[in-house]
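Each remark here refers to the structure printed beneath this line.
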Amino acid sequence: MSAPLIILAITFAVQLIIPKTPARRGLFGMLVLVLPILAIFGFSVYQSWQQYLTWKSNDLGKLFLPPYQNWDYFVFFARTRFFNPYFLSLAAALVFLAAAKYFNKKYQERFFEPIEPYLLATAFFVVGHPLWLFYLIIFLIAALAGNSYLTYKFYRTNKSDKSYRISFYYFWLPAAISTILISKWLAALPWWQTLKF
C-alpha cells in the first residue's frame, strides 16, 4: 500500500471518528492539511535516503555519486523523482484552498462547510501530480451533479431553502483514495507519460 493511500485513509478515519462541531475550523483544518504535507515530504526525504544507500552499495550506482559525480546529479534525481509531483500538487491545493475559502466566505458558506476547503486541499495535495488533474475532474463532476440537483429542487418547489444544500464533507477524501486506486489503470494510457515529469 502506498504512503499517500495510507495518509488519506488515516485522515479519513480521523474525520469519521472526531465528531462534527463548530470547533472544527481554523486549527483543525490547518492540521488536516499540514500533517499530510509533513508526512509526504518526510517520506520523500526517506525515499531519497534509500536511493542514496542503494546507489552507494552498488558498483554501478556509485558512479552516480561523489566523487564520480557532483551532488547536483543526485539532488536533481531525487527532486524530480520524489518531490516534484508533490510540489506541483501542493501549488494546486493552495490555489484551490484560497479560492474555496474566498468564495465560501463571500457567499455565506453556501458551498462548503468550514473544514471542507482543507479536506479538498489535502486531497489535491496527497494524490500528487498528475493525479490531481483527474481528481479535479471528479471534483467538477460532483459539483455539477450537486448543483444540478439543487437547481432541480429549487425549480420544483419554487423556493430556496438552505436544507437543499448538499454537503460533500465525507466525499473529498474517499474520492482521492479512489483516484489513487485507479491510477494503475490510468498509468497504462499512452498520454499518461506526457503528464508526468
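- Residues Lys62 and Asn58 fail the side-chain proximity criterion, which asks for heavy atoms closer than 4.5 Å.
- For the pair Leu119 and Phe12, the minimum side-chain heavy-atom distance is 4.5 Å or more.
- Here the OG1-CG distance, from Thr179 to Leu136, works out to 10.5 Å after rounding to the nearest 0.5 Å.
- Within a 6.0 Å sphere centred on CZ of Arg79, heavy atoms belonging to other residues, nucleotides or ligands number more than 12.
- At least one donor-acceptor pair under 3.5 Å links the side chain of Gln15 to the backbone N or O of Tyr169.
- Rounded to the nearest 0.5 Å, atoms CZ (Phe112) and CG (Leu120) are 5.5 Å apart.
- Across Pro36 and Val126, no two heavy atoms sit closer than the pair CB-CG2, 3.9 Å.
- By the side chain to side chain contact (heavy atoms under 4.5 Å, CB included) test, Ser89 pairs with Tyr86, Phe125, Trp132, sequence neighbours left out.
- Other residues sharing a hydrophobic cluster with Phe43 under the 4.5 Å side-chain heavy-atom criterion for ILVMFWY residues are Tyr46.
- Ring-centre distance between Tyr107 and Phe111: below the 6.0 Å cut-off.
- A 4.5 Å side-chain heavy-atom check between Glu113 and Glu116 finds at least one atom pair inside the cut-off.
- Taking a 4.5 Å side-chain heavy-atom cut-off between Ile, Leu, Val, Met, Phe, Trp and Tyr, the cluster of Phe74 extends to Trp49, Tyr52, Leu53, Trp55, Phe64, Leu65, Trp71, Tyr73, Phe77.
- When hydrophobic residues (I, L, V, M, F, W, Y) are linked wherever their side-chain heavy atoms come within less than 4.5 Å, the members clustered with Tyr68 are Leu60, Leu63.
- Applying the side chain to side chain contact (heavy atoms under 4.5 Å, CB included) criterion to Ile177, with sequence neighbours excluded, gives Leu5, Leu8, Leu181.
- Across all their heavy atoms, Ile180 and Pro4 have their closest contact at CD1-CB, 3.9 Å.
- Ala145 meets the side chain to side chain contact (heavy atoms under 4.5 Å, CB included) test with no other residue; sequence neighbours excluded.
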